[in-house]
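Since the structure comes first, as C-alpha cells, the remarks are kept for the end.
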Amino acid sequence: MSVWFNPAREIEALLRQAAEAVPTLGKGFNPELKPSDPRHADFQANGVLAAAKAAKANPRALATSLVEALRQQAGWDETLVQVEVAGPGFINFKLTPAALGAWLREYRDESKWRAGAARLMGGQKVIIDYPSPNTAKQMHVGHLRPIVIGEAVARLIAFCGADLIRDNHIGDWGTNFGILILAIRRAKFVLDPQSPEVLEDLERLYKEGSAATKADPALLEAARAELAKLQSGDPENLALWEQIVAVSNAACQRIYDQFGLKTDYILGESFYRDKVEQVYTELQQCGLAEESEGALVVWHDEEPRFSRQAETKLPFIVRKKDGSSNYASTDLATLLYRTQHFKATEIVYVTDGRQQDHFQQLFLTGKKWFQATQRTLPRLRHVWFGTILGSDGKAIKTKSGDPVRLQALIDEATQRAFESVTNKSPDLPEVERQHIAKTIGVAALRYADLSSNRTMDYSFSWEKLLSFEGNTAPYLLYANVRVRSIFRKLNLAVGQGETGASDPTTPTEIALARKLLAFTAALDQALEELRPHHLCTYLHELASAYGAFYAADNVIVDEPDVQARRLMLCARTSAIMETGLRLLGIEPLERM
RNA sequence: GAGGGGGUAGCUCAGUGGAUUAGAGCAGUAGCCUUCUAAGCUAUUGGUCGCGGGUUCGAUCCCCGCCCCCCUCGCCA
C-alpha cells in the first residue's frame with residue numbers, strides 16, 4: 001500500500017465509504033473530520049453526533065457501528081491508525097509511530113510534497129492580480145501588504161499545482177495624469193529618467209498641481225484638457241506619459257527585487273483603453289447597463305445596497321458622465337481579456353478591504369454579463385486585507401503625515417538586523433553579515449504582515465518586529481539554522497545519514513514527527529481561504545516542536561539507528577521549514 | 001441608515017461547524033550554556049472569550065437583541 005500523503009483526507013474518504021454500509025448513515029454522510037487536540041488524537045470525526053441526532057439514534061452505538069464498518073474497508077490498517085470511540089460519540093484517530101516513520105521515509109523533499117499537493121489545484125489556470133500599485137508615486141508602507149500577501153498567496157497556489165500567471169495590473173491611466181502633466185508643463189520640468197530623485201520630483205509636482213487645480217477652476221479645466229489629449233493619443237502627452245510610467249515601473253522593480261517578487265505581465269489599465277468600448281456595447285445590448293445622471297451604470301436590485309431602491313444609491317458606474325472610463329470599465333475589460341486570452345479558470349484579486357464593494361459589484365456584473373453572452377465565468381476571488389496601524393491605532397504615517405516610504409522601512413529593518421547579527425555572531429565575515437541582515441530584515445517585515453489573519457488590521461511596532469524573539473521570522477530562520485548546523489558538524493548534506501532510520505520513539509521525536517505530518521493540513525488550511533497566517537502558525541509550531549526535540553534528544557549519538565532516525569527528523573524539519581518559508585517568500589539561511 | 005471587519009490574558013494575536021484544565025508570543029517569576037548556534041529550552045503567574053437573552057445534556061463558537069472601535073457608501077483606485 002502506498003503511503004498516504006494527507007492522512008486526514010484518506011481517513012475521511014474511508015469513513016464516507018464505510019458509512020454506506022451503516023444503515024443509519026448511508027451515502028452523503030459527512031464525517032466532519034478535523035485535527036484534534038494532540039492530547040486526545042491526531043484527528044477526530046464529529047459527524048456521527050449530528051447524524052445520530054437527526055436519526056434519533058444512540059450516538060455512541062452509531063459511532064461504534066461506523067468504526068466496525070471502517071475496519072472492514074480495504075486499505076484500512078490498524079497498525080498505522082488507531083481508532084476509538086470517545087466521549088459522547090466522537091471517533092478519534094491516532095497515527096502510530098509506524099505510520100509516522102513510513103511517511104517520513106516516503107515524503108522526503110519538496111518535489112514529493114509538490115506532487116502530493118498537486119491534486120489540490122492541478123489543472124487550474126489561475127491569474128493573480130497584485131501588487132497593482134498606482135503609477136508615478138514612490139512605494140510606501142501601503143504597498144507592503146499587497147506585495148507580501150500577494151506573493152505568498154501566489155506561491156501557495158503555484159505550489160498546489162495550478163498553472164499560475166502573475167499580472168501586475170498597475171494604475172497607469174487614471175485622472176491623476178492630467179494634473180501631473182499639467183504640473184510638469186507649468187513648472188517646465190525636464191524629466192530625467194536617470195535621476196535618482198525623479199519620482200520624488202513627480203510626487204512633489206503632483207501635490208502642487210493637485211493643490212493648484214483645487215484652488216483655480218481654470219487650471220482644473222486645463223488638467224482635464226491634458227488628460228483628454230493624452231487619452232485621444234496626443235503624441236507629446238503620450239511620450240511624457242510613457243516616460244513617467246517607465247520611471248515609475250523601474251522604481252517599483254527595485255522594491256520588488258528586494259522582496260523577491262516576480263511578475264509575468266504588467267498589463268495596466270492603459271492596456272485596456274481600446275477594450276472598454278466592447279464592454280459598454282455588450283452591457284447595454286444585454287440590458288445590464290443603463291444611463292443614470294449621464295453615466296452608464298449597472299444596478300443589482302437583488303442586493304439591497306446596490307439596488308435602485310437603496311437609500312444611498314451605489315450603482316456600478318462603468319462609464320463616467322464625461323464619457324471616459326474608470327476602474328470599473330477597465331476591470332470588466334480585464335476580466336474578459338483574462339478569460340479569453342489567458343483562458344483563466346480562476347482570478348484572484350489582492351487588494352485592501354476598502355474595495356470590497358467594488359469587487360462584489362464587479363463579480364455580480366461579470367456573472368450576469370458572461371451568462372448573457374454565453375461565456376464561462378472563471379472563479380473570482382477577492383483576497384482582501386486590513387490596514388497597517390501605527391501606535392495611535394490609526395493608519396500608519398510619518399510624523400509629517402506623509403506615508404512611510406517602503407525603502408526606509410526595509411533599510412531600518414536591515415540595519416537593526418545587522419546590529420543583532422554582529423552582536424550574536426561577530427566572527428562571520430562582514431559581507432555575510434550584511435546578507436544575513438538583509439534577509440532577516442525583509443523576512444521580519446514580511447512575517448509580521450503574514451502571521452496575523454489578513455482581514456485584520458494590525459499594529460506595526462518596530463519593537464515587536466525587530467525583537468527577533470517569539471513568533472517571528474528570525475525564530476523560524478534560527479530553528480532551521482540550528483538543524484543545518486548539525487549536518488555541517490557531521491560533514492553531511494541535509495538528507496544524508498538516515499539509512500536504517502527506525503520509527504520515532506521518544507515523546508519529543510513523536511511530537512515532532514506528528515507536527516511534520518501536519519504540514520499537509522496546514523497547506524489545506526492556508527489554501528482554503530488563501531490565508532497565509534495558517535502556514536505561519538504551523539511553521540512556528542514546527543519550530544517549537546523542533547526546539548523541544550533539540551533540547552531533549554541529542555542527534556549525534558553512538559547508536560547508529562538512533563542517530564539515523566534523528567537525522568531523518570532533522571532533515572524533514574529543515575526541508576519543510578525551508579519549503580514553508582519559501583512559500584511565504586522568505587529565503588532560508590545557512591548560518592546566522 | 002446600509003454593508004464589511006473587529007471586540008479572547010497587562011500588550012500583540014491564534015482558535016473553536018458544541019468533549020475534561022480556552023491557546024501562543026511578548027512582558028513578569030524560577031531554573032538551564034565545558035556537550036549538535038542560549039536569536040534557544042523547561043517550569044510558572046495571568047482570561048466573567050464586549051453585554052443580555054435563546055436553543056441544547058453542554059456555547060467563546062449556533063440563533064436573536066444591544067453596546068463600543070475601524071473601514072466603505074455616485075462618477076478616485
Report task. Starting at atom OH of A/Tyr206, determine the distance to atom P of B/C76, rounded to an integer number of angstrom. Result -> 11 Å
Query raised in the report: Between A/Lys137 and A/Glu203, is there a salt bridge with N-O shorter than 4.0 Å?
Result: no
Requested in this report: Rounded to whole angstrom, note down the P distance from B/U60 over to B/U48.
Outcome: 13 Å
Query raised in the report: For A/Thr472 and B/C26, is the shortest distance between a side-chain N/O and OP1 or OP2 below 4.0 Å?
Result: no
Requested in this report: Kindly indicate whether the side chain of A/Glu541 and the base of B/A24 share any N or O donor-acceptor pair separated by less than 3.5 Å?
Outcome: no
Report summary line: Contact string for nucleotides 27-36 of chain B, one letter per nucleotide 5' to 3', B = base within protein heavy-atom range under 4.0 Å, S = sugar-phosphate only, - = neither, reads S--------B
Query raised in the report: Under the 3.5 Å rule, do the base of B/A39 and the side chain of A/Tyr478 count as making a donor-acceptor pair?
Result: no
Query raised in the report: What is the distance from CE of A/Met592 to C1' of B/G40, rounded to the nearest Å?
Result: 11 Å
Query - Exercise: do A/Thr422 and A/Arg433 side chains pair donor with acceptor under 3.5 Å - result: yes
Query - Secondary structure of RNA chain B in dot-bracket form (Watson-Crick or G-U wobble, distances below 3.5 Å, | marking inter-strand pairs) - result: (((((((..((((.........)))).(((((.......))))).....(((((.......))))))))))))....
Close N or O pairs between protein and nucleotides 15-17 of chain B (under 3.5 Å):
from: B/G15; atom 1: OP1; to: A/His533; atom 2: NE2; distance (Å): 2.9
from: B/G15; atom 1: OP1; to: A/His534; atom 2: NE2; distance (Å): 3.2

Report task. List the protein contact pattern of nucleotides 68-73 of chain B with one symbol per nucleotide (5' to 3'): B for base contact, S for sugar-phosphate-only contact, - for none; contact means a heavy-atom distance under 4.0 Å. Result -> --SSSB
Requested in this report: May I have all residue pairs that pass salt bridge (Lys or Arg N to Asp or Glu O under 4.0 Å) and include part of residues 437-450 of chain A, sequence neighbours excluded?
Outcome: A/Arg145-A/Asp449
Query raised in the report: Of all the choices, B/C13, B/G74, B/G40, which nucleotide is nearest to the side chain of A/Tyr475 once you look at every atom?
Result: B/G40
Query raised in the report: Can you name the side chain to side chain donor-acceptor pair (under 3.5 Å) partners of A/Glu541, sequence neighbours left out?
Result: A/Lys515
